[in-house]
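Working notes, structure below.
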Amino acid sequence: MIKAPIKDAELNGHLQKLPKDDMAIFVMADGRVRGALFHGTHFVNQMRAQHDTGILETMVLGQAVLCGALLIPTMKGREHIGWRYEVAGPAEGFSVEADSSGYVRGYLFTESIPVEKPLDSWNLAPFLGEGTMTVSTLRENDKAPSVSSVNVFNKNIAQDLAWYFSQSEQINTAFNTGIQMDAKGRVIGAGGLFLQVMPGTGGTKKFGAQTGSASDKAADDGLLSRVETAFKTAPSLGQWFSEGGSIEDIVYGLFREFKPSIALHRDIRFDCPCNRDTYLDYIRHLPSDELTDISKNGPDPLEITCRNCGSVYKIPVSDIFN
């Protein structure tokens with residue numbers, strides 16, 4: 001990826017005052033619940049710089065890539081997840097990819113989302129509409145990805161990803177994203193929170209034993225209810241991180257009842273493995289008639305834009321035939 005600079009001096013000054021991006025992965029409730037909290041202010045701003053998105057487009061794709069980042073803690077070993085969100089509304093949808101190595105990339109299906117009247121809230125439902133989500137998972141040594149699809153249910157990006165897990169994986173999962181913008185539409189804070197309640201087997205006897213009796217089921221339902229309540233009382237993550245709020249204060253404060261423990265920290269970045277040599281090799285393998293046309297008629301140089309990250313590669317025609 002060709003890293004695009006963030007040119008706004010005032011925004012850069014604000015970003016320099018904030019802690020660096022960080023993802024904390026934690027467990028709680030005797031290992032029954034796992035989660036991740038991601039400070040992604042720099043991450044979302046890099047995504048915006050790569051695609052040069054407007055305010056509404058930044059809000060849609062920003063929420064999508066934050067959710068994509070929160071998929072990384074669900075991965076086991078070397079794994080790559082693709083998530084397509086295709087809807088009938090003006091936003092049309094997006095494609096996001098997340099890799100276990102720590103990068104996320106993605107793009108909107110439309111460059112500009114039409115807006116008919118001034119926005120009075122950040123409710124994105126009118127721009128999303130009915131549609132389908134498709135998640136593909138490629139693990140190390142797989143010959144082909146496993147693919148599953150569900151209908152868009154909530155017209156809310158984070159809630160629809162949770163809906164996918166409930167329908168396809170049968171796992172209680174929750175996602176929360178927040179993006180804070182200032183009066184000029186700059187992203188001054190961004191973050192995401194993920195929680196997942198593991199199935200009622202394994203773990204400790206108290207919370208992990210098979211819940212067969214009525215008392216076990218009641219205790220399990222009570223745990224789920226309390227975790228859900230704590231999750232819903234999380235502060236606005238965009239505002240929290242815009243003010244320099246700490247990850248530890250949320251994990252150890254919001255979920256203190258469940259005795260959380262941060263297991264590790266991850267470096268997550270908006271990045272793409274694309275490079276000039278890959279595109280050059282692709283061009284060299286075009287049909288001979290297309291190569292002849294390029295040789296005679298150009299353009300020179302060829303300009304190739306990576307749709308996943310917005311990088312523009314300029315390749316002189318002479319390089320193709322060397």
Side-chain angles (χ1 to χ4, degrees), residues 1 23 25 27 31 33-36 38 40 43 47 50 61 63-87 93-109 131-153 157-158 160-175 192 194-203 263-286 304 306-311:
M1 184 179 85
M23 176 180 284
I25 299 171
V27 294
V33 180
R34 65 176 178 176
F38 178 39
F43 170 88
M47 176 278 295
Q50 293 299 134
L61 187 55
Q63 290 189 26
V65 295
L66 285 168
C67 282
L70 294 169
L71 288 173
I72 292 176
T74 71
M75 299 180 185
K76 299 177 181 178
R78 290 288 297 137
E79 192 168 318
H80 188 90
I81 292 178
W83 173 32
R84 289 182 65 86
Y85 190 98
E86 300 172 273
V87 289
F94 53 79
S95 171
V96 168
E97 295 178 39
D99 192 85
S100 57
S101 64
Y103 77 79
V104 180
R105 63 181 186 173
Y107 63 95
L108 293 172
F109 294 152
T132 304
M133 291 184 295
T134 302
V135 176
S136 61
T137 303
L138 183 65
R139 299 179 177 87
E140 192 172 16
N141 300 321
D142 282 354
K143 294 182 179 180
S146 60
V147 180
S148 58
S149 297
V150 298
N151 290 330
V152 167
F153 183 72
I157 293 168
D160 280 328
L161 187 55
W163 168 252
Y164 165 80
F165 275 91
S166 70
Q167 296 301 298
S168 181
E169 307 290 334
Q170 302 293 305
I171 299 176
N172 288 303
T173 307
F175 294 89
F194 151 81
L195 287 183
Q196 192 168 70
V197 180
M198 306 310 293
T201 56
L264 72 152
H265 292 264
R266 289 288 311 264
D267 176 28
I268 307 295
R269 61 202 181 278
F270 187 87
D271 202 355
C272 182
C274 69
N275 59 68
R276 180 183 182 277
D277 289 343
T278 298
Y279 284 115
L280 179 57
D281 184 64
Y282 172 78
I283 294 169
R284 285 172 172 167
H285 284 85
L286 290 173
I304 300 177
C306 176
R307 65 180 181 180
N308 287 295
C309 70
S311 297

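From a predicted model like this one, the values you see are computed outputs, not experimental measurements. Throughout, numbering of the chain's residues begins at 1 and tracks the sequence.
Using a 4.5 Å heavy-atom threshold, the side chains of Ile268 and Ile72 count as touching. Side-chain contact between Met47 and Cys309 is absent, with no heavy atoms from C-beta onward closer than 4.5 Å. Taking the side chain as every heavy atom from C-beta outward, Thr134 and Val147 approach each other to under 4.5 Å. In this structure, the side chains of Val104 and Leu66 stay at 4.5 Å or more apart for every pair of heavy atoms.
Shown here are the side-chain hydrogen bond (donor to acceptor under 3.5 Å, both in side chains) partners of Asn308, two or more places apart in sequence or in another chain: there are none. A search for side-chain hydrogen bond (donor to acceptor under 3.5 Å, both in side chains) contacts involving Arg276 returns Asp319, not counting sequence neighbours. Every residue two or more places apart in sequence or in another chain was checked for a salt bridge (Lys or Arg N to Asp or Glu O under 4.0 Å) with Glu169, and none qualifies. When the side-chain hydrogen bond (donor to acceptor under 3.5 Å, both in side chains) test is applied to Tyr107, the partners found at least two apart in sequence or on another chain are Arg307. Here Thr74 pairs with nothing under the side-chain hydrogen bond (donor to acceptor under 3.5 Å, both in side chains) rule; sequence neighbours left out.
Residue pairs meeting the salt bridge (charged side-chain N to carboxylate O under 4.0 Å, His left out) criterion with at least one partner in residues 135-150, sequence neighbours excluded, are Glu79-Arg139.
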Query - Step-by-step side-chain hydrogen bond (donor to acceptor under 3.5 Å, both in side chains) determination, Thr278 to Asp281 - result: CA-CA 5 Å; Thr278 298; Asp281 184 64; over 6 Å; no
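Below 30°, between 30° and 60°, or above 60°: for Phe43 and Phe270 the angle between ring planes is above 60°, a perpendicular geometry.
For Trp83 and Phe94, the ring centers are positioned less than 6.0 Å apart.
Counting only N and O atoms by type, the side chains of Ser148 and Tyr164 include a donor and acceptor under 3.5 Å apart.
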